[in-house]
There are 2 protein chains.
Amino acid sequence: MANQLSQLDQVFAALADPTRRAIVMRLCAGEASVGELAEPFEMALPSFMKHVHVLELSGLVQSEKSGRVRTCRLSPEALVGAEDWFQHQRAIWEARLDRFEAYVMKLKKERAAAKQSSKATEKTTNKPSKRKGTE
Amino acid sequence: MANQLSQLDQVFAALADPTRRAIVMRLCAGEASVGELAEPFEMALPSFMKHVHVLELSGLVQSEKSGRVRTCRLSPEALVGAEDWFQHQRAIWEARLDRFEAYVMKLKKERAAAKQSSKATEKTTNKPSKRKGTE
DNA sequence: TCTATAGTTAGCTTGATGGCTAACCAATTA
DNA sequence: TAATTGGTTAGCCATCAAGCTAACTATAGA
């Protein structure tokens with residue numbers, strides 16, 4: 001669990017750099033050697049290798065050396081893990097919106113009821129409209 | 001576009017810190033003052049404020065001061081933007097898996113056809129099975 | 001076997017990040 | 001009006017991140 005959290009740290013930190021995001025995007029399209037990956041960047045190779053290394057540490061990328069060429073591929077589990085984090089937050093957020101809306105509805109109802117009781121007998125219990133989007 | 005990219009940088013960098021993720025999670029459940037937010041952490045207040053500031057710069061959090069208390073709330077657009085990035089990558093990744101599978105199927109077909117032509121007339125065009133999962 | 005290629009290691013510089021304390025407003029509240 | 005509360009500013013320090021060059025290893029190809 002704590003380990004998983006620090007994994008999230010590493011994944012987000014890895015993705016905070018545009019070079020590394022570009023590498024991930026490239027690898028989504030298929031595996032590639034370090035040289036192929038590095039080619040579009042102006043950076044010196046050792047600098048570039050650091051990025052690859054960060055991606056490996058984060059679990060986003062795996063690599064394997066065969067002969068003198070190191071081939072990198074995406075290992076999407078870490079990516080999915082991070083995506084899950086967002087979905088979880090969104091679920092909580094949306095549940096809260098729902099609760100908030102329910103609360104507003106309850107207030108409306110109570111106010112209507114108060115009006116009713118003061119005005120004595122008049123039935124206007126208008127149904128609340130359904131969710132109006134994500135805001 | 002470039003601006004949006006650097007926004008992604010900032011959002012991911014903001015989320016790379018467990019304190020800041022905790023703040024975001026807390027704010028998913030509803031707005032809170034700086035003091036309320038800081039309460040669970042052992043950190044000195046100025047240090048904590050830095051985290052809040054980073055979150056504000058990233059666009060994940062908005063805040064407003066009324067009297068002497070500053071109230072923070074989530075501004076979920078940035079969160080959604082980051083989530084979109086994942087979904088986009090996943091779409092590319094999955095399309096690639098599909099293409100890869102199609103390629104394998106084509107190979108199989110060609111091999112079968114080759115066998116057929118060498119064996120002359122024997123019809124065994126076995127239909128390929130459907131997707132077998134994500135890996 | 002020599003040479004070019006692909007990557008790696010070591011070590012340096014610069015700037016950002018994450019923490020702290022101390023001192024300082026500015027609203028509330030007694 | 002004096003004291004408390006909630007937050008802010010300023011400035012320090014240690015560590016990490018991202019880049020570089022130079023020198024090195026190991027494989028592939030001529």
Side-chain angles (χ1 to χ4, degrees), chain A residues 2 5-27 30-73 78 82, chain B residues 2 5-27 30-73 78 82:
Chain A
L5 286 186
S6 90
Q7 164 102 342
L8 259 191
D9 286 8
Q10 289 185 297
V11 168
F12 283 131
L15 295 177
D17 184 283
T19 299
R20 290 194 292 258
R21 277 203 308 282
I23 295 174
V24 168
M25 292 169 79
R26 169 60 240 280
L27 290 179
E31 62 184 38
S33 73
V34 168
E36 287 166 353
L37 285 176
E39 198 270 334
F41 301 94
E42 306 233 315
M43 202 174 296
L45 199 58
S47 314
F48 184 80
M49 282 295 296
K50 276 195 190 173
H51 287 297
V52 173
H53 195 219
V54 169
L55 286 169
E56 285 203 66
L57 285 181
S58 76
L60 282 165
V61 164
Q62 288 177 334
S63 76
E64 193 183 3
K65 193 159 181 179
S66 143
R68 66 183 165 178
V69 41
R70 176 173 297 279
T71 302
C72 303
R73 65 183 60 80
Chain B
L5 286 187
S6 91
Q7 162 102 343
L8 259 191
D9 287 8
Q10 288 185 298
V11 168
F12 282 131
L15 294 178
D17 184 283
T19 299
R20 291 193 293 258
R21 276 204 308 282
I23 295 174
V24 168
M25 291 168 80
R26 169 60 240 281
L27 290 180
E31 62 185 39
S33 73
V34 168
E36 286 166 353
L37 285 176
E39 198 271 334
F41 300 94
E42 306 234 315
M43 204 174 296
L45 199 59
S47 314
F48 184 81
M49 282 295 296
K50 277 194 189 174
H51 288 296
V52 173
H53 196 218
V54 169
L55 287 169
E56 286 203 67
L57 284 181
S58 76
L60 283 165
V61 163
Q62 288 176 336
S63 75
E64 193 184 1
K65 194 159 180 178
S66 144
R68 67 184 166 179
V69 41
R70 175 174 297 279
T71 302
C72 303
R73 65 183 60 79

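Below, chains carry the letters A, B, ... as their sequence lines are ordered, and counting in each starts from 1. Reckoned from all heavy atoms, side chains included, excluding hydrogens, waters and symmetry mates.
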Item to check | ring pair (Phe, Tyr, Trp, His ring centres under 6.0 Å) contacts in which one or both residues fall within residues 30-58 of chain A, not counting sequence neighbours | outcome: Phe41(A)-Phe48(A)
Next on the checklist: Distance under 4.0 Å to a non-hydrogen atom of chain B counts as contact; along DNA chain D, which nucleotides mark the start and end?
Outcome noted: dT4(D) to dT9(D)
Item to check | Donor-acceptor under 3.5 Å (Arg21(A) side chain, Leu15(A) main chain) | outcome: yes
Item to check | Gap between atom NZ of Lys50(B) and atom CG of Leu57(B) - 0.5 Å precision | outcome: 12.5 Å
Next on the checklist: I need the Arg68(A) CZ to Ser33(A) OG distance, nearest 0.5 Å.
Outcome noted: 11.5 Å
Item to check | Closest-nucleotide 5' rank along DNA chain D - winner of Val34(B) and Glu42(A) | outcome: Val34(B)
Item to check | Exercise: identify the closest heavy-atom pair between Arg20(B) and Ala13(B) | outcome: NH2-O, 3.1 Å
Item to check | Test item: Leu27(B) and Leu37(B) side chains (from C-beta on) under 4.5 Å apart, heavy atoms | outcome: yes
Checklist entry - Is there a donor N/O on one and an acceptor N/O on the other, under 3.5 Å, for the side chain of Arg68(B) and the base of dA27(C)? => result yes
Next on the checklist: Side chains of Ser63(A) and Val52(A), heavy atoms from C-beta outward: is any pair under 4.5 Å?
Outcome noted: no
Checklist entry - Checking Arg70(A) side chain against Val34(A) main chain: does a donor-acceptor pair fall under 3.5 Å? => result no
Item to check | 5' priority, DNA chain D, between Leu45(A) and Val69(B) [closest heavy atom] | outcome: Val69(B)
Please tabulate, one pair per line, each protein N/O and nucleotide N/O from nucleotides 15-19 of chain C that are separated by under 3.5 Å, including the distance.
residue : atom : partner  : partner atom : Å
dG18(C) : OP1  : Arg20(B) : NH2          : 3.2
dG18(C) : OP2  : Arg20(B) : NH1          : 3.0
dG19(C) : OP2  : His51(B) : NE2          : 2.3
dG19(C) : N7   : Lys50(B) : NZ           : 3.3
dG19(C) : O6   : Lys50(B) : NZ           : 2.6

Checklist outcome for this item: note: Leu37(A), atom CG; dT8(C), atom P; distance rounded to Å ~ 12 Å
